[in-house]
Amino acid sequence: MRIATYNVNGIKARLPRLLEWLEEQRPDIACLQELKSSDDTFPEAEIRAAGYGAVWHGQKGFNGVAVLARGRDPVERQRGLPGDPDDSHSRYLEAEVDGLVVASIYLPNGNPVPGPKFDYKLAWMDRLIAHARTLLAEEVPVVLAGDYNVIPTDADVYSPAAMADDALMQPQSRAALRRLVHQGWTDALRARHPVGPLWTFWDYQAGAWARDAGFRIDHLLLSPQAADRLADAGVDRAYRGREKASDHAPVWAVIAD
DNA sequence: ATGACATTTGCAAAATGA
């Protein structure tokens, strides 16, 4: 099965692009981020007409995540990341599809550094690490898919110097991502493509797409039971170059049946 | 240095993003 993650940057503005991608690439599971839509304005009918069942966790104006499944309805397991009852952001949704546990993650950006937004990012990552440990303990196939807003290494950015002060590549952000991965998760994209640029995001500004000035922040982390079945992974780069594109490209992995 | 650029809300310009 093909599972993908796509930060759509506004599902209402991006709906034609999203439906086009679903029809052309036919992912079995699609995790979406940055819906920027409240629950009652989620375009459920259009997505169902495209052949997908969906669960979603929306929020007015910003954030918002969803899990789509082709030809079936995802079974919701967890709405919101556990660990802080005062966290009102819609950034985590976990569902089960055909025996696979999948989470759609929109990790906080954290800029500017330092500041309360960066503190929130790091605290959120600590909560994700704690929850991910409970998922690993289930010893089932799990995919944690989403926009992590962390550039894992200097090889994952067009210019480490240009981004040096950004929350996405602070040592604390990278260390937290390493703590997560080192629990036993496999970075699907790097497992299949160990070296070289693999951008998943290009800023709208300063001609970043034209200059191929991107970085890699959208990740699919696989539990051992999913990693054993990893057949392929990649980035649907071309969708970043289309009209009215999101600033992210879809990222996908194929898990053998 | 600032803003660029895009989206949403709501109808102007601010908030948010990365």
Side-chain angles (χ1 to χ4, degrees), chain A residues 5-19 21 31-43 46 56-66 87-92 104-122 124-125 128 145-174 176-177 189 197-219 235 237 239-251:
Chain A
T5 180
Y6 190 8
N7 179 321
V8 294
N9 188 19
I11 196 166
K12 291 189 283 286
R14 208 69 57 217
L15 192 56
R17 194 90 304 140
L18 172 64
L19 296 175
W21 171 71
C31 297
L32 309 181
Q33 301 87 33
E34 277 208 89
L35 304 179
K36 298 186 175 181
S37 166
S38 53
D39 280 337
D40 56 356
T41 54
F42 183 84
E46 291 87 342
W56 59 94
H57 188 202
Q59 184 164 6
K60 187 176 178 179
F62 70 128
N63 300 328
V65 288
D87 183 4
S88 60
H89 289 202
S90 298
R91 296 182 175 276
Y92 186 91
S104 183
I105 291 171
Y106 179 45
L107 206 146
N109 169 309
N111 280 304
V113 180
K117 291 187 174 180
F118 190 57
D119 296 340
Y120 172 64
K121 176 185 191 130
L122 296 179
W124 204 94
M125 293 186 80
L128 178 61
D147 175 1
Y148 281 71
N149 271 317
V150 178
I151 297 167
T153 74
D154 284 357
D156 296 307
V157 56
Y158 73 101
S159 166
M163 295 290 289
D165 296 330
D166 197 285
L168 277 58
M169 54 174 273
Q170 291 309 296
Q172 300 101 307
S173 307
R174 287 178 165 178
L177 182 62
L189 211 46
L198 281 170
W199 312 150
T200 71
F201 170 90
W202 298 257
D203 202 295
Y204 286 123
Q205 303 180 56
W209 169 249
R211 296 186 293 124
D212 197 23
F215 36 90
R216 187 172 80 94
I217 54 175
D218 300 274
H219 310 304
V235 181
R237 264 181 75 102
Y239 291 85
R240 178 61 181 85
R242 298 197 181 180
E243 287 298 312
K244 293 282 287 179
S246 170
D247 40 7
H248 295 250
V251 183

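- Look at the P atom in both B/dA12 and B/dT2: the space between them is 29 Å, to the nearest Å.
- A/Tyr120 has no side-chain polar atom (N or O) that falls below the 4.0 Å cut-off from OP1 or OP2 of B/dT16.
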A/Ser38/A/Gln59 under side chain to side chain donor-acceptor pair (under 3.5 Å): CA gap, chis, key distance, verdict:
CA-CA 4 Å; A/Ser38 53; A/Gln59 184 164 6; over 6 Å; no

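- Atom NE2 in A/His89 sits roughly 12 Å away from atom C1' in B/dA15 (whole-Å rounding).
- No donor-acceptor pair closer than 3.5 Å links the side chain of A/Asp203 to the backbone N or O of A/Ala208.
- Look at CG on A/Asn63: it is 9 Å from C1' on B/dT16, rounded to the nearest Å.
- Across all strands, A/Asn149 comes closer than 4.0 Å only to sugar-phosphate atoms, never to a base (heavy-atom distances).
- In this structure, A/Arg14 atom CZ and B/dA6 atom C1' are separated by 8 Å, rounded to whole Å.
- Each of A/Asp218, A/Asn7, A/Thr5 was checked for a side chain to side chain donor-acceptor pair (under 3.5 Å) with A/Thr200, and the lone residue meeting it is A/Asp218.
- A/Asp218 comes within contact range of no nucleotide atom at all, as no heavy-atom separation falls under 4.0 Å.
- Residue contacts for A/Tyr148: at a heavy-atom cut-off of 4.0 Å it reaches no nucleic acid atom on any strand shown.
- Rounded to whole Å, the distance from CD on A/Gln59 to C1' on B/dT7 is 15 Å.
- Among the heavy atoms of the strands lying under 4.0 Å from A/Ala13 are primed sugar atoms or P, OP1, OP2 only; no base atom is included.
- Note on A/Lys117: only backbone sugar-phosphate atoms sit closer than 4.0 angstrom, heavy atoms only; bases stay farther off.
- Atom CD of A/Gln33 and atom P of B/dA18 are 10 Å apart (whole Å).
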Where do A/Trp199 and A/Phe215 land on the ring pair (Phe, Tyr, Trp, His ring centres under 6.0 Å) test, with the steps shown first?
CA-CA 5 Å; A/Trp199 312 150; A/Phe215 36 90; 7.9 Å; no

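- A/Lys244 has a side-chain polar atom (N or O) that falls below the 4.0 Å cut-off from OP1 or OP2 of B/dT7.
- Under the 3.5 Å distance criterion, with hydrogens and angles disregarded, a donor-acceptor pair is assigned to the side chains of A/Trp202 and A/Asp212.
- Among the heavy atoms of the strands, none lies under 4.0 Å from A/Arg240.
- When rounded to the nearest whole Å, the span between CG of A/Asp203 and C1' of B/dG3 equals 12 Å.
- Rounded to an integer number of Å, the gap from CH2 of A/Trp199 to P of B/dA18 is 18 Å.
- Closest to the side chain of A/Lys60, out of B/dG17, B/dC5, B/dG10, is B/dG10.
- Rounded to a whole Å, the CH2 atom of A/Trp202 is 24 Å from the P atom of B/dA4.
- Comparing the same atom, C1', in B/dA6 and in B/dA1 gives a spacing of 22 Å after rounding to whole Å.
- Residue contacts shown for A/Asn7 are limited to sugar-phosphate atoms, with no base heavy atom under 4.0 Å away.
- Each of A/Tyr204 and A/Phe62 was matched to the nucleotide of DNA chain B holding its nearest heavy atom; the match closer to the 5' end belongs to A/Tyr204.
- The minimum heavy-atom distance linking A/Met169 with A/Met163 is given by the pair CG-O, 3.2 Å.
- Among the atoms of the strands shown, base atoms are found under 4.0 Å from some heavy atom of A/Asn109.
- Taking atom P in both B/dT16 and B/dG10, the straight-line distance is 14 Å, to the nearest Å.
- Each of A/Glu34 and A/Gly10 has a nearest nucleotide on DNA chain B; the 5'-most of these lies closest to A/Gly10.
- With B/dA18, B/dT7, B/dT9 as the candidates, the nucleotide lying closest to the side chain of A/Asp147 is B/dA18.
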